[in-house]
Amino acid sequence: MEMEMEMEESQLLNSKKWLAFSRSHRGGILAASFVLAVEVLENLAFLANASNLVLYMRKYMHYSPSASANIVTNFMGTAFLLALLGGFLADAFFTCYFIYLISASTEFMGLVILTIQAYIPSLKPPLCDLVNTTRCKEVGGPKEVMLFVGLYLVALGVGGIKGSLAPHGADQFDDSTPQGRRARSSFFNYYVFALACGALVAVTFVVWIEDNKGWHWGFAISTVTILASIPIFLLGSPIYKTKIPEGSPITTLFKVLAAAILNTCKARNSDKTLECFETREFCSYTTDQITGNENGHIKQKQPSTQIPRHSFSWQPNPSNATMYNERSRRG
């Protein structure tokens, strides 16, 4: 009886860590298959533009080759660094489920902006001959703002998806059983295969469309692809197993660093105070600031802070007063 009660309590505690929209089926390879399909579409939408974006910056926005490469490098670096933010928010505050939906919507808005700019000629600088680059006018002003807003909305969305989609798929398996651990390991193999499939279509078919049919078609394909991934992801909602946020390891790491810095500062302040008491010096200021006024009288400036306790005290000496009176009479 005791063993059965302990098992029921452990199952109850584990169930409190998970959310599901259906009580009969939770997780499993069927739920993870929706994640794999979404990853194919998401990676296609991202790499279709990122792999060929230098040419777009050079040919249509008239940036120099070095500036184009720098823009694309910053864009891709920002996208992958923001995956840390997406994973942190999914672990600490939200769930992977909601982070993906928010991130996919953000990426969709960025791709819509880029598609509109690529389609409307007035939102781009005028065409020029790339051989004679002296007549090429680089994009600037509101057009440049529109370009970078679209790019970094895409980067923000990609970062959130990269940090939440794979953990959401892994959460569909129970790691407390050998079968669940084997299924989770197989899921990551399939996940990498899904990444490769999306990249293959992106760098072959979509890149060919961009070079031969126009960049507005390439951006439009990416826009439709990421839009289609959202309802596909929502189709698995009845069987998803979603983990409740319980805090992130990054939060614990920052707490440890903050506590270490605080303790170091306290130790330094205590050492300085102890040295002050031992040497009988003023801790509030280093030297007595003495100045003279126009009449030749000496005046000592008052310290801005109080003298600490147990420094030293001044007591009047009667002999000093007698010597002062005798000198004044002689004078």
Taking all heavy atoms of [X] and all of [Y], pick out the closest pair and write down the distance.
X	Y	value
A228	L41	C-CD1, 4.4 Å
G28	F173	C-CE2, 3.8 Å
A31	Q172	CB-OE1, 3.6 Å
L123	M146	CD1-CE, 3.7 Å
F187	G169	CZ-CA, 3.4 Å
A45	S222	O-OG, 3.4 Å

- Item | Gap between atom OG1 of T95 and atom CG of L89 - 0.5 Å precision | 11.0 Å
- Would you give the length of the straight line joining atom OG of S68 to atom NE2 of H62, rounded to the nearest 0.5 angstrom? 11.0 Å
- Message: With side-chain hydrogen bond (donor to acceptor under 3.5 Å, both in side chains) as the rule and sequence neighbours excluded, what pairs involving residues 110-125 come up?
- Response: T115-T223
Shared hydrophobic cluster, [X] / [Y] (ILVMFWY, side-chain heavy atoms < 4.5 Å):
X	Y	answer
I120	F219	yes
M76	L147	yes
L235	I226	yes
L47	V192	no
F188	V40	no

- Looking just at side-chain N and O atoms, do E39 and Y191 make a donor-acceptor pair shorter than 3.5 Å? yes
Who pairs with [X] by side chain to side chain donor-acceptor pair (under 3.5 Å), at least two apart in sequence or on another chain?
X	result
E138	none
Y56	none
Y63	E144
S64	S66

- Where do I232 and S229 land on the side chain to side chain contact (heavy atoms under 4.5 Å, CB included) test, with the steps shown first? CA-CA 5 Å; I232 293 175; S229 69; 5.6 Å; no
- L55 vs D211, side chain to side chain contact (heavy atoms under 4.5 Å, CB included): CA-CA, chis, key distance, verdict: CA-CA 9 Å; L55 181 60; D211 293 339; 3.5 Å; yes
Heavy-atom side-chain contact between [X] and [Y] under 4.5 Å:
X	Y	result
F148	I71	yes
Y60	V139	no
L234	Y97	yes

- Which other residues belong to the hydrophobic cluster containing V206, where Ile, Leu, Val, Met, Phe, Trp and Tyr are joined when side-chain heavy atoms lie under 4.5 Å apart, directly or via other members? L44, V201, F205, W208, I209, W217, I221
Could you pull out all donor-acceptor pairs under 3.5 Å where a side-chain atom in residues 105-114 meets a protein atom, sequence neighbours excluded?
residue: S105; atom: OG; partner: L101; partner atom: O; Å: 2.9
residue: T106; atom: OG1; partner: I102; partner atom: O; Å: 2.8

- Task: Check for a donor-acceptor pair, side chain of S185 on one end and backbone N or O of R181 on the other, with a separation under 3.5 Å.
- Result: no
- side-chain contact (heavy atoms from CB on, under 4.5 Å) filter on T73, not counting sequence neighbours, yields none
- Task: Using side-chain contact (heavy atoms from CB on, under 4.5 Å) as the criterion, list what pairs up with P65, not counting sequence neighbours.
- Result: R58
- Message: Test of understanding: with ring-ring contact (aromatic ring centres under 6.0 Å, His included), list the residues that count as partners of F80, not counting sequence neighbours.
- Response: F46
- Message: How about NZ on K213, more than 12 heavy atoms from neighbouring residues, nucleotides or ligands closer than 6.0 Å, or not?
- Response: no
- Would you please indicate yes or no on a ring centroid separation below 6.0 angstrom for F233 and Y100? yes
- Is the distance between the ring centroids of F88 and F93 less than 6.0 Å? yes
All N/O donor-acceptor pairs, side-chain side in residues 152-166, below 3.5 Å, sequence neighbours left out:
residue: K162; atom: NZ; partner: E42; partner atom: OE1; Å: 3.4
residue: K162; atom: NZ; partner: N43; partner atom: OD1; Å: 3.2
residue: S164; atom: OG; partner: G160; partner atom: O; Å: 2.7

- Could you pull out all residues at least two apart from E210 that satisfy salt bridge (charged side-chain N to carboxylate O under 4.0 Å, His left out)? none
